[in-house]
Amino acid sequence: METPPRRPVTDVACAGEAMAMFVTEHTGPLTEDTRYRISAAGAEANVARYLARLGASSAWISRLGADPFGDFIVAEMARDGVDVSAVERDANRPTGVAFKERRPAGTAVHYYRRDSAASALGASAAARAWALEPRILHLSGITPALSEDCRAFMTAAVDARPRDGVVSFDVNWRPALWPGSDSGVLRTIAQAADLVFVGLDEAQSAWGLGDVAAVRAAIDGPSILVVKRGAGGCTVFDGDRRIEVPALRVDVTEPVGAGDAFAAGFLHGWLSGADPKHAARMGTIVASSALSVHTDVGALPGREYIEGLLALGDDEWEFASYSPGHETRTPAHVANR
């Protein structure tokens, strides 16, 4: 009797909404530009794509409309090597759409996602996510803000975690998504997760926590807590241990997507057996690549360049700059890994 083929290991499954993102070619009001570049955008989808580009096995769980934008997003994710077998298509609800406006003072994103297919991501999707047998299930605080169905999904995903399952949670506080709602929902999810990412600015805005120590005191449930401080670097709490990792010097093109890139880099390092400091360095490198482009997911530097940065001593890292030149690791390289 033939042994059935073993399911490939899924390192990280990411669950959440993705939208068709239109980015103007020029700086200025949306209505004054007639040329847009389309891309797939969404916090969890970004993490899945970066992980695949880094060489990890990643999957993405979501719902999309049975429309051309849904077709485009599925194709983009699959092109990066992300498993999209658990994505549902909805004939009655559309795929969400967003427009990125490049302004002289920064970037603004306009979302059109109300009643999208992803807003109906319910508790049953949690079973589909864990059925992929991921080493880590990655979630974000954007999802529970979208609908009651999505909040039910988050609860089920955390509660259905197998004994050896790890839940990664990026707080991703977006005040516009929570008008009049209780931000304590996100803190409850963070407390139940195993690995949590949160910006200090997010913790201040959502919960009034003024410093890194206060954030750890308020979120003491996860074994690993990463508090991001922008250009100040990040603080990693590994149990009772506190680790400081400075940011790299980088010429910032746009900050959108850097948090997702950091999470992907950290998770990749953690899965590779790196200690929390080196996992945070990996997150910093990938985040720096995102800061250097206008799109949510950018090309990564070559493996040699990454390994060179990771090998720096603490004193060297503190003053290091992110400047990989033109050498990048594109999806074509991933296909040959």
Side-chain angles (χ1 to χ4, degrees), residues 11-14 43 46-47 50-51 54-56 58 134-141 161 164-172 187 189-203 209 211-248 250 258-291 300-301 303 306-320 322:
D11 291 320
V12 184
C14 305
N46 293 344
V47 173
Y50 269 121
L51 282 162
L54 286 164
S58 67
R135 296 170 65 186
I136 298 173
L137 175 60
H138 180 72
L139 309 168
S140 97
R161 168 179 38 190
D164 58 348
V166 172
V167 172
S168 165
F169 179 63
D170 190 339
V171 171
N172 249 321
R187 186 170 157 191
I189 298 170
Q191 280 287 70
D194 303 291
L195 199 163
V196 172
F197 304 95
V198 62
L200 181 57
D201 58 340
E202 293 176 314
L209 303 174
D211 57 49
V212 168
V215 178
R216 183 49 165 171
I219 305 176
D220 58 359
S223 56
I224 295 178
L225 170 68
V226 183
V227 183
K228 299 171 289 182
R229 295 179 284 106
C234 68
T235 302
V236 183
F237 290 95
D238 179 17
D240 295 328
R241 195 156 61 108
R242 174 172 171 163
I243 304 156
E244 304 292 342
V245 178
L248 294 169
V250 58
D260 306 328
F262 182 94
F266 188 99
L267 293 176
H268 184 266
W270 192 82
L271 285 166
S272 302
D275 60 53
K277 181 178 78 174
H278 280 81
R281 282 192 176 189
M282 189 67 182
T284 302
I285 293 167
V286 182
S288 298
S289 75
L291 289 168
L300 294 165
R303 193 182 300 276
I306 291 174
E307 290 174 353
L309 284 174
L310 292 174
L312 293 178
D314 288 346
D315 290 343
E316 295 173 300
W317 174 273
E318 187 174 356
F319 298 100
Y322 178 81

For residues [X] and [Y], report the shortest heavy-atom separation together with the two atoms involved.
X      : Y      : answer
Leu209 : Ala218 : CD1-CB, 3.6 Å
Ile285 : Tyr322 : O-CE1, 3.9 Å
Asn46  : Asp260 : ND2-OD2, 2.9 Å
Val47  : Ala263 : CG2-CB, 4.3 Å
Leu51  : Ala264 : CD2-O, 3.4 Å
Gly141 : Asn172 : N-CB, 4.1 Å

ring-ring contact (aromatic ring centres under 6.0 Å, His included) partners of Phe197, counting only residues at least two apart:
Phe266

Could you tell me if the side chain of Ser168 sits less than 4.5 Å from the side chain of Trp270, heavy atoms only?
no

Considering only heavy atoms from C-beta outward, does the side chain of Asp170 approach that of His138 to under 4.5 Å?
yes

Before you tell me yes or no, could you show the steps for His268 and Val286 under side-chain contact (heavy atoms from CB on, under 4.5 Å), namely the whole-Å CA-CA distance, both residues' side-chain angles and the distance that decides it to 0.1 Å?
CA-CA 10 Å; His268 184 266; Val286 182; over 6 Å; no

Going by the rule side chain to side chain donor-acceptor pair (under 3.5 Å), which residues pair with [X] if we only count those two or more places apart in sequence or in a different chain?
X      : value
Thr284 : none
Asp275 : His278
Arg229 : Thr235, Glu244
Ser140 : Glu44

Could you list the residues that satisfy salt bridge (charged side-chain N to carboxylate O under 4.0 Å, His left out) with Arg187, not counting sequence neighbours?
none

Going by salt bridge (charged side-chain N to carboxylate O under 4.0 Å, His left out), name the residues that satisfy it together with Asp238, two or more places apart in sequence or in a different chain.
Arg241

Do any side-chain atoms of residues 219-228 form donor-acceptor pairs under 3.5 angstrom with protein atoms, and if so which ones, sequence neighbours left out?
| from | atom 1 | to | atom 2 | distance (Å) |
| --- | --- | --- | --- | --- |
| Asp220 | OD1 | Gln191 | NE2 | 3.0 |
| Ser223 | OG | Asp194 | O | 3.2 |

Going by the rule side-chain contact (heavy atoms from CB on, under 4.5 Å), which residues pair with [X] if we only count those two or more places apart in sequence or in a different chain?
X      : value
Pro246 : Trp317, Glu318
Ala311 : none
Asp314 : Lys277, Arg281
Ala193 : Val167, Phe169, Val196

Nearest 0.5 Å, what's the CZ-OG distance between Phe262 and Ser288?
10.0 Å

